Amino acid sequence: MLSMSNVSPSPGTPMAASPLTRACLEIDEYAAGLGWDKPARLFALVDTARLKKQEPRLASQLGLDTDDAGKSSLTPIEQDTVPSGTPLDKFLGTIAWPDAVVGCALTVERLMLPPSAEASVPEGLSDKQLSKWVAGHPERQEVRITVAVLRDGSRESAVRLREKDSSTEVLTGGGLVPGLAEALAATFV
């Protein structure tokens, strides 16, 4: 398990209002630092103040031992590698989080089409055929999606286009990727 707490946002990263948005952007920035064409990554989100109180040694190892670190914040902790070859929905269906985990997040790369292109999708394609069709479409966009959810139902997403790979070009919003948010929220049921 790796903590993201020592990752400093780049100078262009906007300050976010909510701890969940900050955690989501922190994970996006971490993934951006690793580059593109990477596998999906799963993160536990823990309450930083609670972590510092209950696990001071671990908090110190993660660089959370300063007085101002973690006031009303979340600490993302990267989990083991998401198994390749396993469909994401099946993998997420196997996860159960301990009580200390207040949320989770996932970052994944995908191809996306603009709404105008979605209207021209041929009917009756299998998932494999659809993926191939999207991959060959001239208007496709490569994106990195980070979705974070909390046990209380709060949700946040960050979407970064490969074409505009900059911290100042990241789109955020709670309802950007509802299906993935639902799948992550189901890991707390």
Side-chain angles (χ1 to χ4, degrees), residues 1 4 16-32 34 36 38-48 50 72-119 121 123-135 137 140-162 169-189:
M1 296 192 320
M4 306 284 307
S18 79
L20 184 58
T21 303
R22 284 193 300 272
C24 193
L25 288 171
E26 185 178 339
I27 293 166
D28 169 76
E29 190 67 25
Y30 169 74
L34 298 173
W36 287 87
K38 302 294 181 194
R41 296 182 179 289
L42 181 67
F43 301 84
L45 299 176
V46 297
D47 179 271
T48 305
R50 183 176 172 190
S72 181
S73 67
L74 299 167
T75 298
I77 301 175
E78 187 171 1
Q79 303 300 292
D80 291 333
T81 306
V82 175
S84 62
T86 303
L88 199 51
D89 57 340
K90 290 193 185 301
F91 170 70
L92 292 176
T94 67
I95 296 174
W97 298 103
D99 291 339
V101 174
V102 298
C104 66
L106 182 78
T107 184
V108 63
E109 295 177 15
R110 292 291 185 256
L111 293 177
M112 176 175 102
L113 294 176
S116 60
E118 289 179 13
V121 174
E123 291 186 33
L125 296 179
S126 68
D127 287 345
K128 189 174 183 175
Q129 291 170 323
L130 179 60
S131 294
K132 187 176 179 178
W133 184 86
V134 170
H137 197 282
R140 73 185 178 284
Q141 292 283 326
E142 293 178 71
V143 297
R144 182 180 303 112
I145 301 166
T146 303
V147 177
V149 300
L150 296 179
R151 284 184 188 269
D152 70 7
S154 301
R155 296 165 184 210
E156 187 60 75
S157 302
V159 177
R160 180 185 292 244
L161 293 170
R162 188 171 191 159
E169 297 288 335
V170 176
L171 178 64
T172 60
L176 296 177
V177 192
L180 187 51
E182 278 298 319
L184 287 172
T187 65
F188 291 106
V189 178

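Just so it is clear, the structure is predicted and the values come from calculations on it, not from any experiment.
Between Ala23 and Leu74, the shortest heavy-atom distance links the atoms CB-CB, 4.2 Å. Scanning all heavy atoms of the two residues, the minimum distance from Ala117 to Trp133 falls at O-CH2, 3.9 Å. The heavy-atom pair separating Val101 from Phe188 by the smallest distance is O-CE2, 3.9 Å. Between Val170 and Leu25, the closest heavy-atom pair is CG1-CD2, 3.9 Å. Heavy atoms only, all atoms of each residue included: Ser157 and Cys24 are closest at C-SG, 3.8 Å. Minimum heavy-atom separation, Ala135 to Leu111: CA-CD1, 3.5 Å.
With values rounded to the nearest 0.5 angstrom, Asp47 atom CG is found 7.5 Å from Ser73 atom OG. Remark: Arg151 CZ to Asp99 CG distance equals 5.5 Å, nearest 0.5 Å. Remark: Ile27 CD1 to Leu42 CG distance equals 9.0 Å, nearest 0.5 Å. Taking OG1 of Thr146 as the start and CG of Asp28 as the end, the distance is 4.5 Å to the nearest 0.5 Å. Interatomic distance, CD1 of Ile95 versus SG of Cys104, reported as 7.0 Å (0.5 Å rounding). To the nearest 0.5 Å, atoms CZ (Phe43) and CD (Gln79) are separated by 9.0 Å.
Applying side-chain contact (heavy atoms from CB on, under 4.5 Å) to Leu161 and the options Arg144, Met112, Glu169 leaves one that passes, Met112. In summary, of the residues considered (Leu106, Thr81, Leu34), a side-chain contact (heavy atoms from CB on, under 4.5 Å) with Arg41 occurs for Leu34 alone. Screening Val108, Val177, Val159 for a side-chain contact (heavy atoms from CB on, under 4.5 Å) involving Val147 leaves a single residue, Val177.
A distance-only check finds no donor-acceptor pair linking the side chain of Glu109 to the backbone of Ile145 [under 3.5 Å]. Side chain of Arg155 to main chain of Val149: no donor-acceptor pair is present (N/O by atom type, distance under 3.5 Å, no hydrogens or angles). With hydrogens and angles disregarded, a donor-acceptor distance shorter than 3.5 Å links the side chain of Glu156 to the backbone of Gly173. With hydrogens and angles ignored, the 3.5 Å screen pairs a side-chain donor or acceptor of Thr48 with a backbone N or O of Thr75. Under the 3.5 Å distance criterion, the side-chain polar atoms of Ser154 are left unmatched by any main-chain donor or acceptor of Leu150. Panel note: side chain Arg140, backbone His137; a donor-acceptor pair is recorded below 3.5 Å.
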Could you go through the side-chain contact (heavy atoms from CB on, under 4.5 Å) check for Leu88 and Val82 one step at a time? CA-CA 8 Å; Leu88 199 51; Val82 175; 4.2 Å; yes

Residues Leu45, Leu20; criterion side-chain contact (heavy atoms from CB on, under 4.5 Å); working and verdict: CA-CA 9 Å; Leu45 299 176; Leu20 184 58; 3.9 Å; yes

Determine whether Arg160 and Glu142 satisfy the following criterion, salt bridge (Lys or Arg N to Asp or Glu O under 4.0 Å), listing intermediate values before the conclusion. CA-CA 9 Å; Arg160 180 185 292 244; Glu142 293 178 71; over 6 Å; no

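The neighbour count for Asp127 CG, taken as heavy atoms of other residues, nucleotides or ligands under 6.0 Å away, does not exceed 12.
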